[in-house]
Amino acid sequence: MTAQTDTQGSVTAVYKVSGMSCGHCEGSVSAELTQLPGVTSVQAVAATGEVTVVSEAPLDEEAVRAAVDEAGYELVDRA
């Protein structure tokens with residue numbers, strides 16, 4: 001995961017997820033991650049396997065992993 005804090009105090013993190021192959025996959029992962037407390041934006045890209053999450057504070061990686069697992073995919077690495 002790559003994380004950076006921007007000037008408004010939000011944190012942007014990029015995760016690598018395996019198994020996404022289409023827009024439905026992107027939507028499933030995004031829907032689960034959006035439910036995490038503090039998450040303000042999620043962008044999943046099946047072609048690269050990258051999921052960009054913007055949140056109010058750094059997220060617990062295990063919570064992110066659980067959300068991705070719930071969607072049916074696997075958090076494999078930090079991008």
Side-chain angles (χ1 to χ4, degrees):
M1 165 195 78
T2 302
Q4 67 183 45
T5 303
D6 68 20
T7 56
Q8 289 103 9
S10 62
V11 177
T12 301
V14 181
Y15 300 93
K16 195 77 167 171
V17 175
S18 71
M20 293 189 303
S21 61
C22 64
H24 180 266
C25 299
E26 294 169 349
S28 295
V29 171
S30 294
E32 289 296 331
L33 289 171
T34 298
Q35 294 180 37
L36 293 177
V39 171
T40 58
S41 172
V42 178
Q43 181 182 13
V45 180
T48 62
E50 290 188 350
V51 180
T52 303
V53 181
V54 179
S55 57
E56 296 168 353
L59 297 173
D60 175 64
E61 188 170 332
E62 287 309 309
V64 173
R65 184 176 308 280
V68 170
D69 286 348
E70 183 66 26
Y73 305 94
E74 182 181 358
L75 183 67
V76 293
D77 200 3
R78 298 172 183 176

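The side chain to side chain contact (heavy atoms under 4.5 Å, CB included) search around Thr34 returns Val42, not counting sequence neighbours. Take Ala63 and apply the side chain to side chain contact (heavy atoms under 4.5 Å, CB included) test, not counting sequence neighbours, and it matches Leu36, Asp60. By the side chain to side chain contact (heavy atoms under 4.5 Å, CB included) test, Glu56 pairs with Thr40, sequence neighbours left out. Take Ala71 and apply the side chain to side chain contact (heavy atoms under 4.5 Å, CB included) test, not counting sequence neighbours, and it matches Ser28, Val29, Glu32, Tyr73.
Using a 4.5 Å cut-off on side-chain heavy atoms (C-beta onward), Leu75 and Val64 make contact.
Between the side chain of Glu26 and the backbone N or O of Ala46, at least one donor-acceptor pair lies under 3.5 Å.
The minimum heavy-atom distance linking Met20 with Val45 is given by the pair CE-O, 3.7 Å. Minimum heavy-atom separation, Ala67 to Leu33: CB-CD2, 3.7 Å. Closest heavy-atom contact between Ala57 and Val11: C-CG2, 3.9 Å.
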